[in-house]
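Comments concern the structure below.
Counting starts at 1 for both ligands and their atoms, in listed order. Since the structure is predicted, the reported quantities are computational estimates derived from the model, not experimental observations.
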Amino acid sequence: MSKPDKPYRKREIAGHTLSPETQMMSYGYDPKLSEMSIKPPIFLTSTFAFESAEHGAAFFRVTLGQAEEGDPEAAGLMYSRFNNPNMEVLEDRLALYDGAEECCVFSSGMAAISTTLMGLAHSGSVILQSTPLYGGTESLIRKFLPNYGIQSVDFFAGAHEDEIHAAADEALAKGEVSVIYTETPTNPTNDQVDLNVCRRLVDLIEKKQGKRPYLVVDNTFLGPVGQKPMELGADVVVYSLTKYIGGHSDLIAGSASGTTEAMAQIRGLRGYLGTNLDPHTCWMLLRSLETVKLRMEAAALGARKVAEFLRDHPKVNRVRYLGFLEEGTRDGDVFKAQSSSAGSTFAFDLESEAAAFRMLNALQVMKLAVSLGGTETLICHPGSTTHRGVDPELRKRQGFSDGLVRISVGIENPDDLIADLKQALEHA
Ligand SMILES: *Cc1c(COP(=O)(O)O)cnc(C)c1O
């Protein structure tokens, strides 16, 4: 929780604001509390001793929202399902990077997304979602949440404002719109959701129903380095930290950052569901955050080279790379307005599924795996893997082709990746 008054939560020196990449080495950690250790030790403990019975009582009052005069502003350390030093340092740094007031970390991206949606929506309410979303999120909203009385209405990522308004009217007819949920750019088609339009939609829906819906944005693809949804009006930003932020394909984790008001509900539910993150993984993520900007920038440079190679290859029908979007087009203008990097995950289309499989099987450097955002390049065929659970009709409407391949470019030398693709495409 942000308390900029503390010396280890310093945000500026002599009127100069410190940048997030600098803060990732220090923010939120006080060596004095850990034997002057430069790095935070891993606090492998389930519970924390109270200095006195009164302290323990005050912490629980604060946590349960029953604070009394003289109680501390934030509860001290209590129990590792609620808080832990490694969790707190990580949450402080992620909130800072996102420009959010608070952050909660979770045992996976899906834990972050499900806890966020269940914390902000309620039975009888409607989630207005853009589509396509990450396969797991799409299924959670369409197949699981209806069991709890939470319905949904969708609009296409690239829809025009009037189409989105029509979807909003449909949602309002079903019930109170509690959440507008979006993911941009989309996975794996790299369509753009216009966050300015979403922000106006929040205002419009508030006017119509008298209650403000929350705008939640999954920012996994471009990360805090390439896109800042909080600055564009989001109430909550969610991540699969498994991807670029973790960045080494060696952990599973998620986060939600946002306003104090929204996060209070999400944090509360996390405590009951127990979807929190363990101290060891928190520590690994602190290490990852120190290099996230370097890694994402290096991967983005490599991705541009790879995308340019693919664009010129006769067996590749289409390359859906953000860096190729042209100014003056709808997607190009939205991209330019809200993102500062084209990232390093994109899709390209081969003639057929069979051609895609032949190419994938011939690769020698890049690995065939789902997931993205690691130091190594990963490649997959979403139609038969990550998006298999999505209704084939819907997949067609979302612009999938049978030969669509997704690549997440890592930080290898891009010339090696190009050589690998070149020889593998011979088989396509
Ligand atoms: C991977 C991913 C998720 C789910 O995250 P997990 O850490 O696998 O639970 C959610 N959203 C997007 C965009 C993702 O890529």
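Which of D218, T220, L133, T186 comes nearest to atom 11 (N) of ligand 1 through a heavy atom is settled by distance: it is D218.
Scanning all protein heavy atoms for the shortest distance to atom 9 (O) of ligand 1 gives M110 N, 2.8 Å. The protein atom (non-hydrogen) at minimum distance from atom 6 (P) of ligand 1 is G109 N, 3.3 Å. What sits closest to atom 7 (O) of ligand 1 on the protein, heavy atoms only, is T242 OG1, 2.6 Å. Among protein heavy atoms, atom 8 (O) of ligand 1 sits closest to Y134 OH, 4.0 Å.
Ionic pairing of K143 and E138 is not present here: no N-O contact between side-chain nitrogen and carboxylate oxygen is shorter than 4.0 angstrom. Note on K315 versus E426: no salt bridge recorded, every NZ/NE/NH1/NH2 to OD/OE distance being 4.0 Å or above.
The cationic group of R311 lies under 6.0 Å from the six-membered ring centre of F324 and within 45° of the ring axis, placing it in a cation-pi geometry.
The two residues L372 and L378 have their closest heavy-atom pair at N-CD1, 4.3 Å. Taking each heavy atom of K208 and L172 in turn, the nearest pair found is CD-CD1, 3.7 Å. When all heavy atoms are compared, the tightest approach of R395 to R388 is NH2-O, 3.4 Å.
Counting only distance, with no hydrogens or angles, the side chain of Q364 and the backbone of Q423 share no donor-acceptor pair below 3.5 Å.
Applying the 4.0 Å criterion to heavy atoms of S108 picks out, from ligand 1, the atoms 7 (O), 9 (O). Those atoms of ligand 1 that come under 4.0 Å of a heavy atom in E183, given as number and element, are 13 (C). Interface atoms of ligand 1 facing I113, defined by a heavy-atom separation under 4.0 Å, are 10 (C). Atoms of ligand 1 lying under 4.0 Å from any heavy atom of A253, numbered from 1 in the order shown and given with element: 7 (O).
The distance criterion of under 3.5 Å between nitrogen or oxygen atoms is met by K243 with respect to ligand 1. When only interatomic distances are considered, the shortest N/O to N/O separation between L372 and ligand 1 does not fall below 3.5 Å.
Counting only heavy atoms from C-beta outward, the side chains of Y181 and T131 never approach each other to under 4.5 Å.
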